[in-house]
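As structure tokens, the structure follows; a few thoughts come after it.
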Amino acid sequence: MPNVTMTVNGKTMSGNVEPRTLLVEFLRETLGLTGTHVGCDTSQCGCCVVHVNGDGIKSCTILAVQCDGAEVKTIEGVANGDTLHPMQEAFREHHGLQCGYCTPGMVMSALDLVKHNKNPSEQQIREWLEGNLCRCTGYHNIVKAIKAGAEAMAKARP
Amino acid sequence: MTARMIGDPVRRKEDLRFLTGKGHYTDDINRPGQVYAVFVRSPHAHAEIKSIATKRAAGAPGVVAVYTGADLIKAGLGTLPCGWGVKNKDGSPMAEPPHPVLASGKVRHVGDPVAVVVADSKAAAEEAAELIEVTYNALPSVTAVDAAVKAGAPQLHAEAKNNISYDWHIGDKTATDAAFARAAHVTTLDIVNNRLVPNAMEPRAYIGDYDRATGEHTLFTTSQNPHAIRLLMGAFVLHVPEHKLRVVAPDVGGGFGSKIFHYAEEAAVTWAATQLGRPVKWTAERSESFMSDAHGRDHVTHAELALDKDGKFISLRVSTLADLGAYLSTFAPAVPTYLYATLLAGTYTTPAIYAEVKGVFTNTVPVDAYRGAGRPEASYLVERLVDKAASELKVDPAELRRKNFIPKDAYPYQTPVALAYDSGDYFSTLDLALKAADYSGFNKRRDDAKKRGKLRGIGLATYIEACGVAPSAVAGALGARAGLYEVAEVRVNPTGSITVFTGTHSHGQGHETTFAQVVAERLGIPVDQVQVAHGDTAQTPFGMGTYGSRSLPVGGSALVKALDKIEAKGKKIAAHLLEAAEADIEFQNGKFTVAGTDKSKSFGEIALAAYIPHNYPLETLEPGLDETAYYDPKNFTFPSGAHIAEVEIDPDTGTVELVNMTAADDFGRIVNPMIVEGQVHGGLAQGIGQALFEECRYDSESGQLVTGSFMDYRMPRAGDLPSFAVETHATLCTHNPLGVKGCGEAGAIGAPGAVMNAVLNALSQLGVSNLDMPASPERVWRAINDRRAAA
Ligand code: FES
Ligand code: FES
């Protein structure tokens, strides 16, 4: 079984995996990082979104071995210790989550959006979330939260 | 401190763990020595099982065991029980064919499980499952209710003649028919309520475990009601006594009804774990969810509404074929009967109603409660009828509704279909909604749209729902095989913090916050001093879980009763410590005070005294401060409201854009408005999804599930929806201590009617007068083109 090594949330992690192992399986099963969720088997739901080398990606669509040497960030690496990231804080403040299952993917997608667009409009947020399903919130508060989170991030930037 | 917690938008206690990836969902749990189960499922809609060859699979690398239906029968396992018995018109019981854990003899829907493979790894189990050879003799299948009841249709069960489980009715047929005879106008409607797949984002997952040393079985499950699962699985399927069976439903990623029911895979993994002495885990692939989670809705209905010359509704006659799927799921029989036809009065004074419902088996996934469960079907039917009547009579749909609303001073109001509404004010919610949606400005918006080549429509729907499920004796008389009370234990810890154990279950609703608010307000302590525990039968007393918008109306009422007991005992302790008469002790804002004096003890001091009873009336009072209360509701609660949708249709493509969605609801007292609004948003999205996008389809020839993944089943996405306008107007529930009515299902109940009425309002400009859900581009385009061709 090939050995893969990657930097996950700032720490070097490695493990032996079967070549067919998906990144999401490696994160959840091998590394025990269960914050990244699986909601489908057709790459439609976005519950599994993480960042690989700074870009948002559905971790069910990439093999662990493809991420050998990569820089990976998961929901577990977003907060700064006990301090929530402004985007996480915005989800809490605006009730952008109910059951919490889609939430890690939503937050990771939102952060990816802000990387591309510092001040997204409601319409742009809704379009960006094309690949993220939520069955609980009707998206209303997720959209509000992402807008507020982006604004808070802009303020926090020097 | 004054702690006015009820009514505050307190931020949720559960969010921190979910936002940081620290939630504990079932699939996140791994047990030492765990093995993995994979189910082999029927590829046929209907077939005899000739043989199952398991030898190659059993010998494959990593395989620990292979079981088939025959193994379960040999082991003496029972079949999956149905929790609600409905009677036929003649009083005879419904046909209740067995629902085996693993199919034996016959498979009856695509996805019906026939075998389970257990192996060291999921991959090994999957590979071995491929090696199982099942020889089928395919039979003709039927996947639609109207076809299933026709003469000569394929028969699913020997027990159910003509595929009918029950032929049930409610209401006064004679009075209803008589009113039709003198009607000035009759509006007729044939209508389909489309089959939906609930699709909670977390797929079902189970881990069975068995401790040989203690004989204890454990099941971790994605369930909305762990105690009910323990009872059903323990008593009826595995024959394991409750004290040796623990069921844990940890964080659950949404349910919407689909996680109420006892599923085959739960029993199979728990049993397999017992055989193997190792934990057995199963997690559904999404494609398995599509073919094994109970589906929702699926009615075909013919209805007639009779009006007198003044436009008053005088009679309603309804005949429904309800799809039950291939087997009776846990609460299936109740959904199209007592949760549907009893709601047909809606918000109106219609004095005579008669409904007959046939529950029908088809070669499809079992159908059971899905958000709203019966009530969306009733509301959709009534509101489509009312709009059709308004358009036939050329009157304003809002006006026609007002004319027929139950008057504000008519409560309690007895409907002709069993329910007695305790309170409501449909005029105010309608007015609120009309105002928020700028109903009076619609004509201008329609004309503007026309200039842009678009058809703009506005539609409204009012609704009533029966929530707070349910008064046990009433439910029992109607066929429920369970009690439907709720329970709460309030454990005051020695330093005055609180742990609440509730029999309800939160899978997104935020009980950890709302219930804590109720406690915090009552005891005058901060919310973060209250911890709410739920979901583990080893921790919580026997409660019935969460569905039917029951948690706060029923579970919250149990909590209030337990708090009453805490306060009463606290007063006794305070009276002793303050050397006063018990009757003179007042409790307010976290303080026990001797009336008219400044002598007082804080809640924390009383708690400490209860657990360190050095100065305590031990002769007359037990130490400790821990109270449990059960609450059986006196009636259902009746949330109601008015929803308004506004759409724009592109007549060239048939695309419907939902431009505005307004909801004005009456939920009684609101504990946390932020959470309530979130519940409405989510319900609206599901209701809109039903109206515009979602449809579970089977191929009528092959019986194959056509919409078996998110690629084919159109879930609503962020870009499909507008932001919602949500308003509330409260009339309090008169029979529970908090005055609450429940808010979980409203959106899904009101929205489909509002959206479809808006679509039809827009299409009426082209003369289209009927359309079934979902109003997909294809269906709308066809309706427009058919109309144009006819013209
Ligand atoms: S798990 Fe659904 S997109 Fe990755
Ligand atoms: S919060 Fe439950 S799926 Fe989004």
Side-chain angles (χ1 to χ4, degrees), chain A residues 18 20-21 25 28-29 32-45 47 74-79 84-85 87-89 91-105 107 122-123 125-144, chain B residues 9 11-12 14-25 27-30 123 198-203 251-256 283 285-288 506-510 674-675 677-686 688 709-711 715-724 726 747:
Chain A
E18 286 192 47
R20 64 179 162 187
T21 306
E25 292 168 338
R28 288 182 57 83
E29 311 294 333
L33 292 171
T34 54
T36 304
H37 297 153
V38 176
C40 75
D41 45 11
T42 51
S43 298
Q44 299 273 304
C45 75
C47 291
T74 70
I75 189 69
E76 286 93 343
V78 174
L84 289 182
H85 184 283
M87 187 58 80
Q88 292 169 312
E89 195 51 69
F91 268 73
R92 197 175 114 83
E93 181 59 25
H94 294 278
H95 190 30
L97 64 155
Q98 291 182 23
C99 79
Y101 200 77
C102 71
T103 309
V107 171
E122 174 179 339
Q123 199 46 42
I125 295 168
R126 287 186 181 275
E127 277 161 24
W128 183 266
L129 293 180
E130 224 257 306
N132 290 80
L133 288 173
C134 172
R135 194 55 150 169
C136 295
T137 63
Y139 306 100
H140 181 110
N141 284 341
I142 292 180
V143 173
K144 252 168 79 178
Chain B
R11 299 305 184 260
R12 296 200 322 168
E14 37 278 88
D15 287 355
L16 194 63
R17 69 177 186 274
F18 293 145
L19 280 165
T20 53
K22 298 285 182 338
H24 261 281
Y25 301 90
D27 189 58
D28 300 343
I29 298 168
N30 292 299
N199 276 323
M201 290 317 299
E202 179 203 25
D251 287 329
V252 172
F256 316 111
T283 302
E285 303 274 331
R286 178 60 60 182
S287 43
E288 274 185 294
S506 181
H507 28 281
Q509 296 89 340
M674 176 189 82
I675 288 178
E677 279 180 26
Q679 288 292 310
V680 175
H681 296 157
L684 288 176
Q686 287 176 349
I688 294 162
S709 80
F710 288 145
M711 318 256 272
M715 294 276 280
R717 292 176 184 268
D720 298 322
L721 304 172
S723 281
F724 307 125
V726 174

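Computed over heavy atoms, backbone and side chain alike; hydrogens, waters and symmetry mates excluded. Proteins get letters first, then strands, A, B, ... in listed order; numbering begins at 1 in each. Quick caveat, the model's predicted, so the values are computed rather than measured.
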Quiz prompt | A:L97 versus B:R12, closest heavy-atom pair with distance | solution = O-NH2, 3.3 Å
Quiz item: Where does B:D251 contact chain A at under 4.5 Å (heavy atoms): side chain, backbone, both or neither?
Solution: neither
Quiz item: For B:V680, is it the side chain, the backbone, both, or neither that has a heavy atom closer than 4.5 Å to a heavy atom of chain A?
Solution: neither
Quiz prompt | Parallel, tilted or perpendicular: ring planes of B:H681 versus A:H140, cut at 30 and 60 degrees | solution = parallel
Quiz item: With B:S709, which residues qualify under side chain to side chain contact (heavy atoms under 4.5 Å, CB included), at least two apart?
Solution: A:T42, B:M711, B:D712
Self-check item: Gap separating the CZ atom of B:F724 from the CG atom of A:N141, nearest 0.5 angstrom
Solution: 10.0 Å
Exercise. Measure B:Y25 against the heavy atoms of chain A and call it side chain, backbone, both or neither at under 4.5 Å.
Key: side chain
Self-check item: Side chain A:Q98, main chain B:G510, donor-acceptor under 3.5 Å
Solution: no
Practice problem: To the nearest 0.5 angstrom, please state how far the CZ atom of B:F18 sits from the SG atom of A:C102. | Solution: 11.0 Å
Quiz item: Side chain, backbone, both or neither: which part of B:I675 has an atom under 4.5 Å from a heavy atom of chain A?
Solution: both
Quiz item: Which of the residues A:H95, A:E18, A:Q88 is involved in the greatest number of heavy-atom pairs with chain B at under 4.5 angstrom?
Solution: A:H95
Self-check item: Any residue meeting salt bridge (charged side-chain N to carboxylate O under 4.0 Å, His left out) with A:E25, in chain and number order, not counting sequence neighbours
Solution: none
Exercise. Output yes when a side-chain donor or acceptor of A:R126 lies under 3.5 Å from a complementary backbone atom of B:L721, and no otherwise.
Key: yes
